[in-house]
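Indexing begins at 1, ligand by ligand and atom by atom, following the structure's order. Quick note: residue numbers are just sequence positions, from 1. Quick caveat, the model's predicted, so the values are computed rather than measured.
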Amino acid sequence: MSSPIRVGVVGAGFFGTMIASACAGHDSFDVVAVADPVADASQRLAEAHSARAYVSFTELVDDDTVDLVVVATPNHLHAEPAVAALLAGKHVFVEKPLGIDEDSVGSILAAARGARGRLIVGHVMRSFPGVRRMVAQARRGDLGEIIEAAGARRRVVHLPDDPGDWWKLDRRRSGGELLHEIHELDLVVWALGEPSEVLSMTGAPLAHGEHMVDSDIVTELRTPSGALGRHSVSTSAHRAEWWFRISGTEASVEADFRAGTVTRYEDGLIAEVTGVFDLPASDESLRESAETAQSYNTGGPGPLWMRTAVACELDEVAAAVRGTSTTLTEHPATAALVAIRANTLAAEAAR
Ligand SMILES: NC(=O)c1ccc[n+]([C@@H]2O[C@H](COP(=O)([O-])OP(=O)(O)OC[C@H]3O[C@@H](n4cnc5c(N)ncnc54)[C@H](O)[C@@H]3O)[C@@H](O)[C@H]2O)c1
C-alpha cells in the first residue's frame, strides 16, 4: 500500500473539522498541519489530530511535510491559500465554490496551469455513488443522446435570530445562494460540459432582507450540442425540492435526494430504482435531513449522510492525487464561472 497523503487543513471551522475527521478515518490520509488565524481554533483541531498548528496559511504552505492542502476558508478567501499552495507544488483541494468572482477563479486556474500538484474542487455531490452511476450511464450512451440535465435545490432556509456578522449570510463574502449552494448547478455542467449560452433570472421578493438578495434564481444553459441545462435554487420554497436529472433520447435518470433514490425512467415508466448512497442508513439520513427546513451549518459532526458523502469524496481525492480519477478535477471552474455569470444576469434582470 502507498504511504498516506499528508494533509494540511487551512480553515479550522465547520467543514475543515469535518474533512479532518474524515481524513482520520480514511487509510489514505494523515492530517499533519492546520492553519487558522483564530489561534484557538487552529490549536484545537491540530491537537485532535496530533498535527502542527499555524495561524497563517503561508506557514502551512511552507511546511515540507504537507502533500495536500485543503482550503476550507470562507468562500471569498479561497484564492490566496490555493494559489500559494499550487505555486509551492502541493496538491490542492479547494472547497466549493472555487471562487466568487472571475478574478479569484482566474488566479487559481492560472496557478494550476503547469503546476506540479493537482487542483481538486470539493464538488462533493459528484462523489455520491448514485450520481456517479447516472453520469457514467450518460457517458456510456445508456441514455441515448443527451437532451437535458437539470437540478434543483428549493427549500425554506431559516436564519439564526441574531446572525451577527456571519460570512455565510453576506453575499459579498459567500457569493450569494447560487454560488454557496452550487452543488446541483455543478452536476448539470459536469454532465453536460461547457455551456455556450447562459440565461438567468431572479423574480422573488427578498426572503431574508439584506442577507440573501437572490432568494429565488433560475438558470438555463445551452451546450454546443444543443443539450439544455436547467437549474433552480430557492431559500423560500415551502414546497421543497432537491433533485438532479439527466435525460436522453432512450431514458431519463433522476436522483431525488429527498427520497434517497435514483430512478431510471423509460417511456414514462419506472425501469429501475436504486439508492443515492447504496447504504440504507445513509439514504435514510438523507431523507430525514430533507424533511426539515434548512439552516446554514455552524458546527458539530454533521448528519450521517454528509459524513458518508465526505468519505466517498475522500476516495476520489486520494485517486485524484494518485492520478487515477478525474471525478473532482474535470471542469474545476465551469460551475463557479456559470454561477458568477448567472448572478450578474439575474441582478440585471431584477433591475
Ligand atoms: N461541500 C460541502 O457540502 C460544504 C459544507 C459546508 C461548507 N463548505 C465550504 O467549506 C468552506 C468553509 O465553510 P465552513 O462552514 O467551515 O465555515 P466556517 O466559518 O465554519 O469556517 C471557516 C474557517 O476559516 C477560518 N479562516 C478565515 N480566514 C482564514 C485564512 N485566511 N486562513 C485560514 N483560515 C481562515 C475561520 O477562522 C474559520 O475557522 C466554505 O468554502 C464552504 O462553502 C462546503
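Of the heavy atoms in His183, only side-chain atoms (C-beta onward) come closer than 4.0 Å to ligand 1. Heavy atoms of Ala41 found under 4.0 angstrom from ligand 1: none, in either backbone or side chain. Looking at Val38 against ligand 1, only its side chain comes within 4.0 Å, counting heavy atoms. Neither the backbone nor the side chain of Pro81 comes within 4.0 Å of ligand 1, counting heavy atoms alone.
Comment: Arg6 does not engage Asp30 in a salt bridge, judged by the lack of any side-chain N to carboxylate O separation of less than 4.0 angstrom. Between Glu266 and Arg264 a salt bridge is recorded (basic side-chain N to carboxylate O distance below 4.0 Å).
Every salt bridge (charged side-chain N to carboxylate O under 4.0 Å, His left out) that Arg173 has, sequence neighbours left out, goes to Asp165, Asp170.
Between Pro37 and ligand 1, not a single N/O pair is under 3.5 Å apart. Below 3.5 Å of separation, one finds an N or O of Lys168 facing an N or O of ligand 1. At under 3.5 Å, not a single nitrogen or oxygen of Val10, backbone or side chain, sits near a nitrogen or oxygen of ligand 1.
By the 4.5 Å heavy-atom criterion applied to side chains, Arg133 and Thr274 are counted as neighbours.
No side-chain donor from either of Ser252 and Arg245 sits under 3.5 Å from a side-chain acceptor of the other.
Not a single heavy atom of Trp166 sits closer than 4.0 Å to an atom of ligand 1.
For residues 223-252, the pairs satisfying ring pair (Phe, Tyr, Trp, His ring centres under 6.0 Å) are Trp242-Phe257, Trp242-Trp305, with sequence neighbours left out.
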